[in-house]
Amino acid sequence: MSYWTALDNLRAQLDGVSKDSSAGFKIRKVPEHLRTANVKAYEPQIIAIGPLNYHLAREKTHLAEMQRHKVLYLQNLLERSREYCGDLLSCCCERMGLLEERARCYAEPIEISGREFVEMLVLDACFIVELFRRFKLDLWDDDDNVFRTSWIRKKLGRDLLVADNQLPLFVLQEFYDITKMPEDEETNFKDLILGFFSKVLPVQLLKVSKIGPFLELDPKITHLLGFMYNYYWQWAPRFVPPPYDENWNFIISATNLKEAGVKFEKIEGDSLFSIDFDKDAGIMKIPALTIDDDTESFFRNISVYEQFFPFCDD
């Protein structure tokens, strides 16, 4: 009888596996073996976004406060839209509802009801889009005094690039499209993303300029972290390794170079990778890398995306 019991149980498990569970992109949690190296680097500090951190907004007091700001941002958007649009709230809920199945593109099961999921999409997408808009257009009000502080803005930028703290990028684009107003005519959502992160990131790998036709929203780009990674990857100069040589050496440290007589000079390059060596003068010209409390988190999350997202180039 054990044979039949095992057979029935395995069939039930197989029936429960989604046939398209491996199809398309998936937003994934940070692997546990990486998370344990520095748990805080992969956790939001002031705002929880998306279903992977949905529970944190209710369990942790320092994240729950930001839920009130999400509602305030939605309220403010609805008030501004009355002149141009009828029932914008119904429109947003309807459009996010239509995206629900597609937006459940997470590798882990999302144990959130349909109502809660759509509500989360509306509030989280609204907050992000409105935050970018206000940053670009300087549309701050009394409820935004907390966001006028530079360190709060930087923490928001840090949290919005945490790998687990993500909404699908197409959700944000859709919300932006259905809430566009006359003041948005001179820009686009890609401009808003770059305009915000160019001011708040702990590390500027590139000088962000106005985005042009060279960079479109690739459907393989899953979220904001992926967008910023792909932007940097497209414009950063590539390192071309030299031909293979069995007699290779380790990279010489800056200390050893200095002891050998090499001088270092800080430059304002277009990229963090704009490194040049003046052989005649013996000067290594290199942009400065600013290190602060959020630098490690930024690089760790970028690294996770690069290593574990299936569409990243090798």
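Taken to the nearest 0.5 Å, the CE atom of Met96 stands 9.5 Å off from the CG atom of Leu167. Taking OH from Tyr231 and CD1 from Ile193, the interatomic distance works out to 12.0 Å, rounded to the nearest 0.5 Å. We find the CD1-NE2 distance between Ile112 and His55 to be 10.0 Å, quoted to the nearest 0.5 Å. In this structure, Met66 CE and Tyr73 OH are separated by 8.5 Å, a value rounded to the nearest 0.5 Å. Summarising the geometry, atom CZ belonging to Phe175 is positioned 10.5 Å from atom CZ belonging to Phe189; distances are rounded to the nearest 0.5 Å. One distance of note links OG1 of Thr295 with CG of Asp293; it measures 8.0 Å at 0.5 Å rounding.
Between the side chain of Asp164 and the main chain of Val30, a donor-acceptor pair closer than 3.5 Å is present. Between the side chain of Asn230 and the backbone N or O of Gly226, at least one donor-acceptor pair lies under 3.5 Å. Here the side chain of Asp184 pairs a donor or acceptor atom with the backbone of Met181 at under 3.5 angstrom. Between the side chain of Arg104 and the main chain of Ile110, a donor-acceptor pair closer than 3.5 Å is present. For the pair Asn301 (side chain) and Ala163 (backbone), a donor-acceptor distance under 3.5 Å is present. In this structure a side-chain-to-backbone donor-acceptor pair under 3.5 Å is present from Gln166 to Leu160.
You'll find the side chain of Arg153 reaches within 4.5 Å of the side chain of Phe135, heavy atoms only. Side-chain contact between Ile283 and Val262 is absent, with no heavy atoms from C-beta onward closer than 4.5 Å. Proximity of Phe298 to Arg158: side-chain heavy atoms (C-beta onward) are nowhere separated by under 4.5 Å. You'll find the side chain of Ser81 stays beyond 4.5 Å of the side chain of Thr179, heavy atoms only. Between Ile27 and Pro168 there is a side-chain heavy-atom pair separated by less than 4.5 Å. For the pair Leu99/Arg95, no side-chain contact is recorded, criterion being any heavy-atom separation below 4.5 Å from C-beta on. Annotation: side chain of Tyr176 is in contact with side chain of Leu192 (closest heavy-atom distance under 4.5 Å). Put simply, the side chain of Leu257 reaches to within 4.5 Å of the side chain of Met284, judged on heavy atoms.
Residues forming a side chain to side chain donor-acceptor pair (under 3.5 Å) with Lys155 (at least two apart in sequence, or on another chain): Gln45, Asp294. Every residue meeting the side chain to side chain donor-acceptor pair (under 3.5 Å) condition with Asn53, not counting sequence neighbours, appears here in chain and number order: Asn165.
Follow the hydrophobic side-chain contacts under 4.5 Å out from Phe196 and you reach Val129 in the same cluster. Using a 4.5 Å cut-off between side-chain heavy atoms of Ile, Leu, Val, Met, Phe, Trp and Tyr, with links allowed through other members, Phe299 and Phe197 fall into the same hydrophobic cluster. Hydrophobic cluster membership differs between Leu63 and Ile152, with clusters built from Ile, Leu, Val, Met, Phe, Trp and Tyr side chains linked at under 4.5 angstrom. Residue Leu194 is grouped with residue Phe170 when hydrophobic side chains (ILVMFWY) are merged at heavy-atom distances under 4.5 angstrom, including chains of intermediate members. In this structure, Leu161 is a member of the same hydrophobic cluster as Ile46, with clusters built from ILVMFWY side-chain heavy atoms closer than 4.5 Å.
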* Asked: Given the rule in the side-chain contact (heavy atoms from CB on, under 4.5 Å) test, do Phe127 and Leu156 qualify, once you have shown the distances and angles that lead to the verdict?
  -> CA-CA 11 Å; Phe127 179 83; Leu156 283 171; 4.2 Å; yes

* **side-chain contact (heavy atoms from CB on, under 4.5 Å) evaluation trace for Ile128 with Leu224** => CA-CA 10 Å; Ile128 293 172; Leu224 291 175; 4.1 Å; yes

* Residue pair Val304, Tyr42: steps toward the side-chain contact (heavy atoms from CB on, under 4.5 Å) verdict -> CA-CA 10 Å; Val304 164; Tyr42 304 108; 3.7 Å; yes

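A donor-acceptor contact closer than 3.5 angstrom is absent between the side chains of Thr187 and Arg133. At a cut-off of 3.5 Å, with distance as the only test, a side-chain donor of Gln307 or Ser303 sits close to an acceptor on the other residue.
Shortest non-hydrogen contact noted between Asp159 and Pro44 is OD1-CA, 3.5 Å. Minimum heavy-atom separation, His33 to Thr36: O-OG1, 3.3 Å. Of all non-hydrogen atoms in Lys60 and Glu43, the two that sit nearest each other are NZ-OE1, 3.8 Å. Residue Pro51 comes nearest to Met120 through the heavy atom pair N-SD, 3.4 Å, listed as atom of the first residue, atom of the second, then distance. Taking both residues in full, the closest heavy atoms of Ala48 and Gln67 are given as O-OE1, 4.2 Å, listed atom of the first, atom of the second, then distance. In this structure, Gly282 and Phe277 approach most closely via the heavy-atom pair C-CE1, 3.9 Å.
In summary, of the residues considered (Arg80, Lys70, His69), a side chain to side chain contact (heavy atoms under 4.5 Å, CB included) with Glu130 occurs for Arg80 alone.
The local environment of CD in Glu101 is sparse, with at most 12 non-hydrogen atoms from other residues, nucleotides or ligands closer than 6.0 Å. Within 6.0 Å of the NZ atom in Lys285, the count of heavy atoms belonging to other residues, nucleotides or ligands does not exceed 12.
The salt bridge (charged side-chain N to carboxylate O under 4.0 Å, His left out) pairs that include a residue from residues 112-122 are Arg115-Glu119, where partners are two or more places apart or lie in different chains.
Ion pairing between Glu65 and Arg68 holds under the 4.0 Å rule for side-chain N and carboxylate O.
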